[in-house]
Number of protein chains: 2
Amino acid sequence: MDLSSIEIFLAVASDRSVTKAAKAVGRVPSNVTTRIQQLEEDLGVSLFSRDGKKMTLTREGETFLGYANRLMTLALEARQAVRPLAPSGTLRVGTMESTAASRLPAALTQFNQMWPDVSLHLTMGASRDLTRDVLSDVLDCALIARPPKTMREEDSSFDAELKALEMEPVFVEDLLIVLPSGHPSIKSAADLRVGSLAALEPGCTYRRIAENWARKSSALPTSELGSYHAILASVATGNTAGVMPRSVLDLMHWPTPVQTHQLGPVETLLVYRRTDRPSAFNAFHEVLSATKGRDVRLATN
Amino acid sequence: MDLSSIEIFLAVASDRSVTKAAKAVGRVPSNVTTRIQQLEEDLGVSLFSRDGKKMTLTREGETFLGYANRLMTLALEARQAVRPLAPSGTLRVGTMESTAASRLPAALTQFNQMWPDVSLHLTMGASRDLTRDVLSDVLDCALIARPPKTMREEDSSFDAELKALEMEPVFVEDLLIVLPSGHPSIKSAADLRVGSLAALEPGCTYRRIAENWARKSSALPTSELGSYHAILASVATGNTAGVMPRSVLDLMHWPTPVQTHQLGPVETLLVYRRTDRPSAFNAFHEVLSATKGRDVRLATN
DNA sequence: GTCTTAATTCCGGAAACGAGATCTTTTCAT
DNA sequence: ATGAAAAGATCTCGTTTCCGGAATTAAGAC
């Protein structure tokens, strides 16, 4: 039995889907299938019942879920316990608006329980700015979106800054264009029937990805809004298309189901300086890794 | 972090030696070294202090030891919990005298705690007889010594019986010739200055290994005794050399340190029929595997 | 100082793993 | 009802990891 298999199991159990889970843990679906099958063979029982395309936990799966969570928590605790000195002091974390909304709450809760002595300073901002702040030691680390290759090529200074930092993927977001209800489904930016794109600040990587995608076929203006709530509201007016990751959209339980178009997966990176890491950072790093692809609602079992 | 690394860590912690631990978990020393180093790198602390050739736990190692034990126990519990039906009924286990004395107590204690509904029938006997009893369904499984290749060749019926059964190594014993105190150290059987070899019944594999070793150079008679205590007492008289695994000798805290000569490692196998396994057997099998190379004294932490 | 034993390092073969392509089945839309 | 899309399973292939054995180094015993 392997702890990474258990992590995968938790993701599948939480998403009830191999594909989703695969994205959540940053692997390919076939791999997830195999690991689950290995786990089932190892335990000698089937953990999921495959009725149709839904993966639902069997009764044995349910009981195993409890142990799996305890196992992961215990492993994390072990990790922390051997750390010679308990981290304390301040940790300055930069994060994108979207990550703060969808991914961080679970991780921050656990972190606070584990290390009450660390006071965490959260700063919201765009990836571009956050990266600079980490470099100049205004922040200790930041969660940013990995810019696609084409974008890094046309902004070489950003690229150079990133290269000077350590980075590690922690989440994968499904970046969406959110369309007004009633808008016909689209294949490319040319099919857009709206007057503008609604996004956050200029330094926001998601915004720039969307702009790059849009400018291939049309010349839409971008209207800048301050929050994802504002963006959704703007979409509801019917004349704008919004940009946001699926995890954020899922959070908002919007009254009417909206049309979406996928711009593809975008990794969220934890970036930090190679040297000069406060001990609280290591603790934060570990909690983040453990939270990876795990659902809070299940972790409380 | 990998559960097999933790098993290895437990073995090293318990033996304070990578060579011993390697034997205990059925691996090669270099491998144990590597896994421990990986674990240390993964955790970011050193678990052992290598002062000279002794491996002693550091303070961090001590705290990790506690977690490691809990982790293994929890994993075992998880395994058992998903088993659809709790095993019950009777399980007839055959074992060698030596295994019953040195290795089984820990495993049986844990087994009884986990499965109070199973009544365990222990039968003591020689490997040869135990094997037959498993084949003829007098026993459900047995712990026997793996006969070395030369022995299997000269007793083809034993070999055939073994081939008809499933087998799995669970322990490794260091088989010893125990010499009277004051006896000069020996290189081969020719150096023996005693009148006889003291061992158990004729079907005992350890006895036959020793006899094979002895007859290469001298023609010693074998005196048959009923227990390891009797053998040691006989050795104390000064005119016999005893045969027993090191684990048994260690148990007996004999007043004077005795001279020993190694006959080499002998594996202890769990043998069972390919089909027709009671559910209690699977539970027993798992508990044995988990106990593998683990020290009871440490497991109570 | 030499000999022995234990731990580590190095290296080659084997097994496991992960990614992508393909196949099968279910589901949803027309 | 039929076709298209999507999700899970299966297969293959390239890569990585892992294990075991040989060589190396270091510590203790005589």
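In what follows, chains are A, B, ... by sequence order, proteins preceding strands, each numbered from 1. These numbers come from the heavy atoms of this one structure, side chains and all, not from hydrogens, waters or symmetry mates.
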task = Give, ordered by number, those residues of residues 40-49 of chain A having at least one heavy-atom distance below 4.0 Å to an atom of DNA chain C; if nothing qualifies, reply none.
result = none
ask   = CG of A:Leu143 to OG1 of A:Thr268: how many Å apart, nearest 0.5 Å?
value = 7.0 Å
Identify all pairs in which a protein N or O lies below 3.5 Å from an N or O of nucleotides 26-30 of chain D, and state each distance.
none

Are any non-hydrogen side-chain atoms of [X] and [Y] less than 4.5 angstrom apart?
{"X": "B:Val178", "Y": "B:Leu232", "value": "yes"}
{"X": "B:Trp213", "Y": "B:Ile177", "value": "yes"}
{"X": "B:Pro147", "Y": "B:Leu162", "value": "yes"}
{"X": "B:His285", "Y": "B:Arg277", "value": "no"}
{"X": "A:Thr58", "Y": "A:Val45", "value": "no"}

What is the distance from [atom1] of [X] to [atom2] of [N], rounded to the nearest Å?
{"X": "B:Asp174", "N": "C:dA6", "atom1": "CG", "atom2": "C1'", "result": "15 Å"}
{"X": "A:Met55", "N": "D:dA7", "atom1": "CE", "atom2": "C1'", "result": "10 Å"}
{"X": "B:Leu39", "N": "D:dC18", "atom1": "CG", "atom2": "P", "result": "12 Å"}
{"X": "B:Lys54", "N": "C:dT8", "atom1": "NZ", "atom2": "C1'", "result": "18 Å"}
{"X": "B:Lys23", "N": "D:dG20", "atom1": "NZ", "atom2": "C1'", "result": "15 Å"}
{"X": "A:Ile36", "N": "D:dT10", "atom1": "CD1", "atom2": "P", "result": "14 Å"}

inquiry  = I'd like to know if B:Asp174 and B:Lys20 make a salt bridge, using a cut-off of under 4.0 Å between side-chain N and carboxylate O.
reply    = no
ask   = What pairs with B:Ala21 under side chain to side chain contact (heavy atoms under 4.5 Å, CB included), at least two apart in sequence or on another chain?
value = B:Ala11, B:Val12, B:Asp15
query = Per the end-axis method with five pairs at each terminus, what is the bend angle of the helix from C:dG1-D:dC30 to C:dT30-D:dA1, to 10°?
reply = 30°
Report, one pair per line, the protein and nucleotides 14-19 of chain C atoms (nitrogen or oxygen only) whose separation is under 3.5 Å.
residue, atom, partner, partner atom, Å
C:dC17, OP2, A:Gln38, NE2, 3.2
C:dG18, OP1, A:Arg27, NH1, 2.4
C:dG18, OP1, A:Arg35, NH1, 2.8
C:dG18, OP2, A:Asn31, OD1, 2.6
C:dG18, OP2, A:Asn31, ND2, 3.2
C:dG18, OP2, A:Arg35, NH1, 3.1
C:dG18, O5', A:Asn31, ND2, 3.0
C:dA19, OP2, A:Val28, N, 3.1

ask   = Quick check, are the ring centers of A:Phe9 and A:Phe48 under 6.0 angstrom apart?
value = yes
ask   = Does OP1 or OP2 of D:dG8 have a side-chain N or O of A:Ser17 closer than 4.0 Å?
value = yes
query = Are B:Gln37 and C:dA7 close enough that a side-chain N or O sits under 4.0 Å from OP1 or OP2?
reply = no
inquiry  = Would you say that more than 12 heavy atoms from the other residues, nucleotides or ligands in this model lie under 6.0 Å from the CZ of B:Arg59, or not?
reply    = no
request  = Could you walk me through whether B:Glu173 and B:Ser247 pass the side chain to side chain donor-acceptor pair (under 3.5 Å) test, one step at a time?
outcome  = CA-CA 7 Å; B:Glu173 300 292 353; B:Ser247 63; 2.7 Å; yes
ask   = What pairs of residues pass the salt bridge (charged side-chain N to carboxylate O under 4.0 Å, His left out) test when at least one of them lies in residues 22-34 of chain A, not counting sequence neighbours?
value = none
ask   = For B:Glu7 and B:Met72, what are the C-alpha separation, side-chain angles and deciding distance, and is it a side chain to side chain contact (heavy atoms under 4.5 Å, CB included)?
value = CA-CA 8 Å; B:Glu7 187 189 337; B:Met72 289 301 285; 4.1 Å; yes
